[in-house]
Amino acid sequence: QLVESGGGSVQPGGSLRLSCVTSGFTLEYYDIGWFRQAPGKEREGVSCISGPGSTNYRDSVQGRFTISRDNAKKTIYLQMNNLKPEDTGVYYCAADFLPVCSRTNDPTKYEHWGQGTQVTVSS
């Protein structure tokens, strides 16, 4: 099970930290991805972190977002700084036992999903 939290409404330039609390599996063996979906658009990969800890980011969030994991707390974080209106969407975390975290971060490769948390960036 994966449960996201930390979403909300912020002005452009603001920050949010999303959390994904996991249960039912050993987090350190899983790749975790963050995805988002804006209204009328396809779900897209934002960032991912492999079991050993390597990370990938989509170009548009590189330098603004940071993914991290705390295996002891069974939690994945996504720190989002300098948010822009185009970052608006429902953010989901997902997990898979296979090594699926890559630069393309394809959502179809992840098996387990959370319910999502809304992020709105607007002035």
Side-chain angles (χ1 to χ4, degrees):
Q1 185 180 11
L2 300 95
V3 180
E4 303 95 334
S5 64
S9 295
V10 296
Q11 293 185 342
S15 298
L16 287 172
R17 188 176 80 155
L18 305 184
S19 299
C20 173
V21 178
T22 69
S23 61
F25 59 92
T26 305
L27 179 59
E28 63 193 272
Y29 298 140
Y30 280 69
D31 285 11
I32 305 294
W34 281 101
F35 302 84
R36 66 189 180 192
Q37 188 165 19
K41 295 188 177 181
E42 293 187 353
R43 191 169 298 187
E44 63 183 20
V46 175
S47 180
C48 61
I49 184 167
S50 70
S54 61
T55 59
N56 285 284
Y57 298 91
R58 72 181 297 109
D59 290 343
S60 63
V61 308
Q62 183 78 45
R64 300 188 296 122
F65 290 11
T66 303
I67 190 171
S68 61
R69 64 195 297 156
D70 185 331
N71 291 333
K73 294 184 177 180
K74 300 182 182 297
T75 302
I76 303 294
Y77 303 99
L78 184 68
Q79 178 66 44
M80 305 187 296
N81 298 328
N82 190 22
L83 283 160
K84 302 177 180 181
E86 52 263 41
D87 295 319
T88 294
V90 179
Y91 281 68
Y92 301 89
C93 64
D96 203 279
F97 185 70
L98 296 176
V100 295
C101 176
S102 67
R103 184 153 178 79
T104 57
N105 202 20
D106 182 353
T108 67
K109 295 187 181 299
Y110 289 78
E111 180 175 4
H112 308 284
W113 288 83
Q115 83 292 344
T117 185
Q118 177 70 46
V119 172
T120 302
V121 185
S122 174
S123 56

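C48 has its side chain within reach of N56: a pair of non-hydrogen atoms, C-beta onward, lies under 4.5 Å apart. Within the 4.5 Å cutoff, the side chain of R64 has no heavy atoms near those of the M80 side chain. Here the side chains of P12 and P85 are in contact, with some heavy-atom distance below 4.5 Å.
The other members of the hydrophobic cluster of W113, by chain and number, are F35, V90, Y92, L98, V100, Y110 (side-chain heavy atoms under 4.5 Å, ILVMFWY only).
Here H112 contributes atom NE2 and C93 contributes atom SG; the two are 12.0 Å apart, rounded to the nearest 0.5 Å. K74 contributes atom NZ, which lies 12.5 Å from atom SG of C20 (distance to the nearest 0.5 angstrom). Separation of atoms CG (L16) and OG (S9) is listed at 8.5 Å; rounding is to 0.5 Å. Atom OH of Y57 sits about 11.5 Å away from atom CG of N105, to the nearest 0.5 Å. Here CZ of F65 is found 14.0 Å from OG1 of T55. Values are rounded to the nearest 0.5 Å. Distance check: S19 OG to D70 CG gives 10.5 Å after rounding to the nearest 0.5 Å.
For the residue pair T104 / D106, no side-chain donor-acceptor distance below 3.5 Å is found, with atom types taken as modelled. T120 and S122 share no side-chain donor-acceptor pair at under 3.5 Å.
Placement of F25 and I76 within a single hydrophobic cluster is found when ILVMFWY residues are connected by side-chain heavy-atom separations under 4.5 Å, directly or transitively. Under the 4.5 Å side-chain heavy-atom criterion for grouping Ile, Leu, Val, Met, Phe, Trp and Tyr, V46 is connected to L83 within one hydrophobic cluster.
Residue pairs meeting the side-chain hydrogen bond (donor to acceptor under 3.5 Å, both in side chains) criterion with at least one member in residues 22-39, sequence neighbours excluded: R36-E44, R36-D87, R36-Y91, Q37-R43.
Of the candidates L2, T75, I32, L27 forms a side-chain contact (heavy atoms from CB on, under 4.5 Å) with just one, namely I32.
Scanning both residues, S54 and C101, for their nearest heavy atoms gives O-SG, 4.3 Å. Across S47 and I67, no two heavy atoms sit closer than the pair OG-CG2, 3.3 Å. When all heavy atoms of D59 and R103 are compared, the closest pair comes out as OD1-NH2, 2.5 Å. Taking both residues in full, the closest heavy atoms of S15 and N82 are given as OG-N, 4.2 Å, listed atom of the first, atom of the second, then distance.
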